[in-house]
Undergrad: 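Could you have a look at this structure, given as C-alpha coordinates, before my questions?
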Amino acid sequence: MFVIMTDQQAISSEVICQGCLMASQQGRPRWREGKLLCGQPLQPMSPQSTEQYECQMGFRLTRVQDK
(Lines give C-alpha, C1' and ligand atoms only; values in the text may rest on other atoms or scores of the structure.)
Protein backbone atom coordinates (compact mmCIF):
# COMPACT_ATOMS: atom_id res chain seq x y z
CA MET A 1 0.00 0.00 0.00
CA PHE A 2 1.23 3.49 -0.80
CA VAL A 3 0.57 6.72 1.06
CA ILE A 4 1.17 10.32 -0.01
CA MET A 5 3.48 12.17 2.37
CA THR A 6 2.87 15.83 3.17
CA ASP A 7 4.65 18.03 5.69
CA GLN A 8 2.18 17.13 8.42
CA GLN A 9 0.41 13.89 7.51
CA ALA A 10 0.16 10.76 5.39
CA ILE A 11 -2.82 10.50 3.03
CA SER A 12 -4.07 7.36 1.34
CA SER A 13 -2.84 7.29 -2.25
CA GLU A 14 -6.35 6.42 -3.49
CA VAL A 15 -7.53 9.89 -2.42
CA ILE A 16 -4.96 11.61 -4.65
CA CYS A 17 -4.52 9.04 -7.42
CA GLN A 18 -8.23 8.79 -8.31
CA GLY A 19 -7.90 11.80 -10.62
CA CYS A 20 -4.46 10.96 -12.06
CA LEU A 21 -4.20 9.83 -15.68
CA MET A 22 -1.14 7.74 -14.77
CA ALA A 23 -2.99 5.73 -12.07
CA SER A 24 -4.43 2.26 -12.56
CA GLN A 25 -8.10 1.75 -13.37
CA GLN A 26 -8.67 1.26 -9.64
CA GLY A 27 -7.20 4.70 -8.89
CA ARG A 28 -3.99 3.34 -7.39
CA PRO A 29 -0.34 3.95 -8.22
CA ARG A 30 0.90 1.64 -10.98
CA TRP A 31 3.17 -0.87 -9.17
CA ARG A 32 4.48 -3.84 -11.10
CA GLU A 33 7.35 -6.26 -10.48
CA GLY A 34 8.80 -4.13 -7.68
CA LYS A 35 8.75 -0.86 -9.66
CA LEU A 36 6.53 2.19 -9.48
CA LEU A 37 5.67 2.85 -13.12
CA CYS A 38 4.11 6.27 -12.52
CA GLY A 39 7.05 7.71 -10.56
CA GLN A 40 10.72 7.48 -9.79
CA PRO A 41 12.63 6.42 -6.67
CA LEU A 42 14.16 9.10 -4.47
CA GLN A 43 17.50 8.80 -2.72
CA PRO A 44 17.07 7.65 0.90
CA MET A 45 17.86 10.28 3.53
CA SER A 46 19.39 7.63 5.78
CA PRO A 47 19.92 3.85 5.72
CA GLN A 48 16.84 3.44 7.95
CA SER A 49 14.59 5.50 5.65
CA THR A 50 11.61 3.86 3.98
CA GLU A 51 11.40 3.60 0.21
CA GLN A 52 10.22 6.92 -1.21
CA TYR A 53 9.14 7.86 -4.69
CA GLU A 54 8.09 11.01 -6.49
CA CYS A 55 5.12 10.55 -8.78
CA GLN A 56 4.63 12.25 -12.15
CA MET A 57 2.28 14.75 -10.46
CA GLY A 58 5.02 15.76 -7.99
CA PHE A 59 3.67 14.03 -4.88
CA ARG A 60 5.98 12.09 -2.57
CA LEU A 61 4.88 8.50 -1.94
CA THR A 62 6.13 5.90 0.48
CA ARG A 63 5.27 2.24 0.63
CA VAL A 64 3.87 0.87 3.89
CA GLN A 65 3.09 -2.71 4.83
CA ASP A 66 -0.56 -3.81 4.79
CA LYS A 67 -1.66 -5.32 8.08
Undergrad: Taking ILVMFWY side chains as joined if any heavy atoms are under 4.5 angstrom apart, and letting links pass through other members, which residues group with Val15?
TA: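 Val15 shares its hydrophobic cluster with Phe2, Ile4, Ile11, Ile16, Trp31, Leu36, Tyr53, Met57, Phe59, Leu61.
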
Undergrad: Report whether Leu42 and Met5 are members of the same hydrophobic cluster (ILVMFWY, side-chain heavy atoms less than 4.5 Å apart, transitive linking).
TA: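 Cluster IDs for Leu42 and Met5 differ.
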
Undergrad: Not counting sequence neighbours, which residues clear salt bridge (Lys or Arg N to Asp or Glu O under 4.0 Å) with Glu54? List them please.
TA: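 Glu54: no salt bridge (Lys or Arg N to Asp or Glu O under 4.0 Å) contacts found.
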
Undergrad: To the nearest 0.5 Å, what is the distance between CD on Gln26 and CD on Gln18?
TA: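 Separation between the atoms: 9.5 Å.
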
Undergrad: Between atom CD of Gln52 and atom CZ of Arg63, what is the distance when rounded to the nearest 0.5 Å?
TA: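 Those atoms lie 14.0 Å apart.
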
Undergrad: For residues Ser12 and Glu14, is any side-chain donor paired with an opposing acceptor at under 3.5 Å?
TA: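 Their side chains do contain a donor-acceptor pair, which is all the 3.5 Å distance test asks for.
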
Undergrad: Taking Ser13 for its side chain and Cys17 for its backbone only, find out whether a donor-acceptor pair lies under 3.5 Å.
TA: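 Looks like no, no N/O pair under 3.5 Å.
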
Undergrad: So, does Arg30 use its side chain to make a donor-acceptor pair with the main chain of Ala23 at under 3.5 Å?
TA: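 Yes, the answer is positive, given that a donor and an acceptor are paired below the 3.5 Å cut-off.
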
